[in-house]
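What follows is a single structure, written as structure tokens, with notes after it.
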Amino acid sequence: MHLSPAVSINKLSFAYKNRLALQEVTIEVNQGEIFGLLGPNGSGKTTLFRILSTMALPSRGQASIFGYDVGNDSEYVRRSIGVVFQSFALDKKLRVRENLFRHGQLYGLTGSLLRSRIESVLRSLGIWERKEELVETLSGGLQRRVEIAKGLLHQPKLLLMDEPSTGLDPGARIELWRILSQLRNEQKTTILLTTHILEEAERCDRLSIMDRGRVIVTGTPQQLKKSIGGDIVSVVPFDPERLTKGIRRTFKLTPKLVDGILHIEKKNGHAFLPKLVQKFPNQIRSVTVGKPTLEDVFIKYTGHAFGGAELK
Ligand code: ADP
């Protein structure tokens with residue numbers, strides 16, 4: 001059975017006055033997948049998130065969610081989506097239960113229906129026993145879970161999350177991903193999230209890599225990494241220009257120079273390594289070989305470093 005896409009974005013552009021923040025973005029998100037928008041700061045992720053959550057209108061092009069246009073049918077769109085913002089939108093002086101109660105009322109939920117929905121989302125997120133606690137006393141990870149519970153209260157088919165891991169420690173990040181997978185598997189919720197963290201993008205079913213307002217490439221993490229022909233050999237040279245010329249001439253390869261490091265795509269990188277070192281014994285400070293990462297994919301398609309804040 002062919003399901004219509006959960007999100008369909010077609011040649012969408014957006015400008016803040018004269019500054020073009022999105023250029024001809026085209027993306028389709030399938031129902032029931034966890035889809036990531038990966039890009040460094042300033043690549044346009046938040047702008048796209050704002051358009052999908054009906055807080056801003058496209059300057060050109062279209063975006064629709066389950067067939068509803070984000071501009072013309074924003075009322076339907078809002079009913080189909082749950083939104084989890086980057087900064088906490090909880091009332092910290094209220095109890096967990098009270099935060100959810102207020103939010104549910106905004107969606108017209110009342111009485112026993114609202115109470116049972118609150119119980120069910122809090123149970124599924126593992127925070128039912130914390131319902132009487134003040135939000136301000138909870139850890140960042142638990143507060144994020146309350147945010148997600150809020151976003152799910154009206155049973156949306158699509159959950160939009162802006163940088164969901166921001167401010168979470170590694171343990172809480174793992175727990176967050178367990179919850180997202182569970183939502184996808186058990187409730188068939190589609191999840192669209194933005195991230196600048198490469199490890200997080202690795203966990204998505206599919207992702208679009210964004211840079212400077214454009215979608216550079218879309219695919220599963222596996223497909224994207226496979227688009228690199230073999231291994232990545234990273235060389236720290238004494239003189240980048242001289243070594244680049246030497247490698248081009250001798251091996252007919254084209255290294256990419258990023259932040260003082262030469263990146264070379266090469267099948268069987270381990271076999272290539274000794275040849276490289278033997279040929280240029282005095283020109284190499286250090287050299288490593290590894291399987292391609294999403295950072296290598298980003299470099300391949302943009303020619304520059306990812307530069308994400310959390311890049312290791
Ligand atoms: P990201 O979420 O990937 O960091 P943003 O969508 O926030 O990217 O920003 C995309 C571009 O739009 C950047 O060049 C940024 O400087 C610009 N921008 C974002 N918000 C505004 C605004 N309110 N006014 C003008 N320019 C903005």
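Order of appearance sets the numbers: ligands from 1, and atoms from 1 within every ligand. Residue numbers run from 1 in the order of the sequence given. Values below: all heavy atoms of this structure, side chains included; hydrogens, waters and symmetry mates excluded. None of the values given here were measured: they were computed from a predicted structure.
Crowding of Glu241 atom CD: a count of heavy atoms from other residues, nucleotides or ligands under 6.0 Å not exceeding 12. Remark: Tyr76 OH is loosely packed, at most 12 non-hydrogen atoms of other residues, nucleotides or ligands lying under 6.0 Å away. Within a 6.0 Å radius of CZ in Arg206, more than 12 heavy atoms belonging to other residues, nucleotides or ligands are found. For Arg102, the CZ atom is loosely surrounded, since the number of other residues' heavy atoms within 6.0 Å does not exceed 12.
Protein heavy atom closest to atom 2 (O) of ligand 1, with residue, atom name and distance, is Thr46 OG1, 2.6 Å. Given atom 17 (C) of ligand 1, the protein heavy atom at minimum distance is Arg19 CD, 3.5 Å. Closest to atom 19 (C) of ligand 1 among all protein heavy atoms lies Tyr16 CE1, 3.5 Å. The protein heavy-atom contact nearest to atom 6 (O) of ligand 1 is Thr47 OG1, 2.5 Å. Residue, atom and distance of the protein heavy atom nearest to atom 8 (O) of ligand 1 are Gly44 N, 3.1 Å.
Relative to the ring axis of Phe66, Lys157 places its NZ or CZ within 45° and under 6.0 Å from the centre.
Residue-to-ligand polar distances place Gly42 within reach of ligand 1: an N/O pair is separated by less than 3.5 Å.
For Pro40, the closest heavy-atom approach to ligand 1 falls below 4.0 Å.
Against a heavy-atom cut-off of under 4.0 Å, Lys45 is close to the following atoms of ligand 1: 1 (P), 2 (O), 3 (O), 4 (O), 6 (O), 8 (O). Short contacts between ligand 1 and Asn41, defined as distances under 4.0 Å to a heavy atom of the residue, involve ligand atoms 4 (O). Applying the 4.0 Å criterion to heavy atoms of Ser43 picks out, from ligand 1, the atoms 1 (P), 3 (O), 8 (O).
Using a 30° and 60° split on the angle between ring planes, Tyr16 and Phe14 fall in the perpendicular class, above 60°.
Among the candidates Lys225, Lys291, Lys267, the single residue satisfying the salt bridge (charged side-chain N to carboxylate O under 4.0 Å, His left out) test with Asp231 is Lys291.
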